[in-house]
Amino acid sequence: MITFIVNFDLPESVTLDEARERSQDTAPKYRSVPGLIRKHYLFSQAPHKSGGAYRFETREQAKALFNSEWLERIRQTYGSELTLTYFESPVVVGNVAGKIIS
């Protein structure tokens, strides 16, 4: 499994409530992304950043979503460059399912 973290600076004027509203508006778009297991929307008041943590079955599936068109849309929407990091996820503790997955 692959965990992918994206983050970017937000305008100082964006509040947690506004970030939540934007996230709720875009969340349905991710329901049918091939290989996407889970997405967490992220928000930090200080430093003022936003982003997401994504879990995919494979790196190829993650790269298919995070193509140049997707990256440019985020840049245009938030006026910020993105930081992208891929991590292998060799072990996952799934407390809800009661499993450790490796």
Side-chain angles (χ1 to χ4, degrees):
M1 283 185 278
I2 298 294
T3 300
F4 177 78
I5 306 292
V6 58
N7 62 55
F8 49 89
D9 294 330
L10 280 177
E12 290 293 326
S13 61
V14 176
T15 66
L16 176 58
D17 287 338
E18 290 171 323
R20 181 181 295 111
E21 186 175 313
R22 289 180 185 191
S23 298
Q24 288 174 335
D25 288 346
T26 63
K29 296 177 185 179
Y30 293 94
R31 299 221 42 202
S32 60
V33 172
L36 180 63
I37 298 166
R38 179 165 291 171
K39 175 182 179 176
H40 295 266
Y41 286 85
L42 306 174
F43 177 83
S44 174
Q45 191 68 43
H48 211 68
K49 291 188 175 287
S50 188
Y54 305 77
R55 169 72 46 77
F56 281 90
E57 294 170 359
T58 69
R59 181 180 294 263
E60 292 74 25
Q61 291 165 326
K63 287 185 175 184
L65 174 63
F66 304 117
N67 58 32
S68 59
E69 183 179 294
W70 185 92
L71 295 170
E72 186 58 30
R73 181 172 47 83
I74 299 299
R75 284 185 193 109
Q76 292 297 319
T77 300
Y78 296 101
S80 176
E81 286 301 313
L82 294 95
T83 301
L84 312 169
T85 309
Y86 288 91
F87 296 91
E88 297 289 336
S89 297
V91 176
V92 176
V93 176
N95 288 335
V96 173
K99 295 180 182 179
I100 295 176
I101 304 163
S102 62

Checklist entry - Going through the checks in order, is the side-chain contact (heavy atoms from CB on, under 4.5 Å) test met by Val14 and Tyr78? => result CA-CA 10 Å; Val14 176; Tyr78 296 101; 5.8 Å; no

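A single hydrophobic cluster is not seen to contain both Val92 and Phe56; linkage of ILVMFWY side chains at heavy-atom distances under 4.5 Å, directly or through other members, places them apart. Residue Met1 is not grouped with residue Tyr86 when hydrophobic side chains (ILVMFWY) are merged at heavy-atom distances under 4.5 angstrom, including chains of intermediate members. Hydrophobic clustering (side-chain heavy atoms under 4.5 Å, transitive across Ile, Leu, Val, Met, Phe, Trp, Tyr) keeps Leu10 apart from Leu42. Follow the hydrophobic side-chain contacts under 4.5 Å out from Phe4 and you never reach Ile101; the two are in separate clusters.
Of the charged side-chain nitrogens involved, at least one lies within less than 4.0 Å of a carboxylate oxygen, so that Arg75 and Glu72 count as a salt-bridged pair. In this structure, Arg22 does not pair ionically with Asp25, as no charged nitrogen and carboxylate oxygen lie closer than 4.0 Å.
Phe87 pairs by the side-chain contact (heavy atoms from CB on, under 4.5 Å) definition with Thr3, Ile5, Thr85, not counting sequence neighbours.
In this structure, Arg55 and His40 have side chains that are not in contact, with every pair of non-hydrogen atoms separated by 4.5 Å or more. Val33 places none of its side-chain heavy atoms less than 4.5 Å from the side chain of Tyr54. Contact of the Ile74 side chain with the Val6 side chain is not registered, since no non-hydrogen atoms from C-beta on lie closer than 4.5 Å. Using a 4.5 Å heavy-atom cutoff, the side chains of Leu82 and Phe66 are not in contact.
Here OH of Tyr30 is found 9.0 Å from CG of Leu36. Values are rounded to the nearest 0.5 Å.
Contact detail for Thr15 and Glu18: the closest heavy-atom pair is N-OE1, 2.8 Å.
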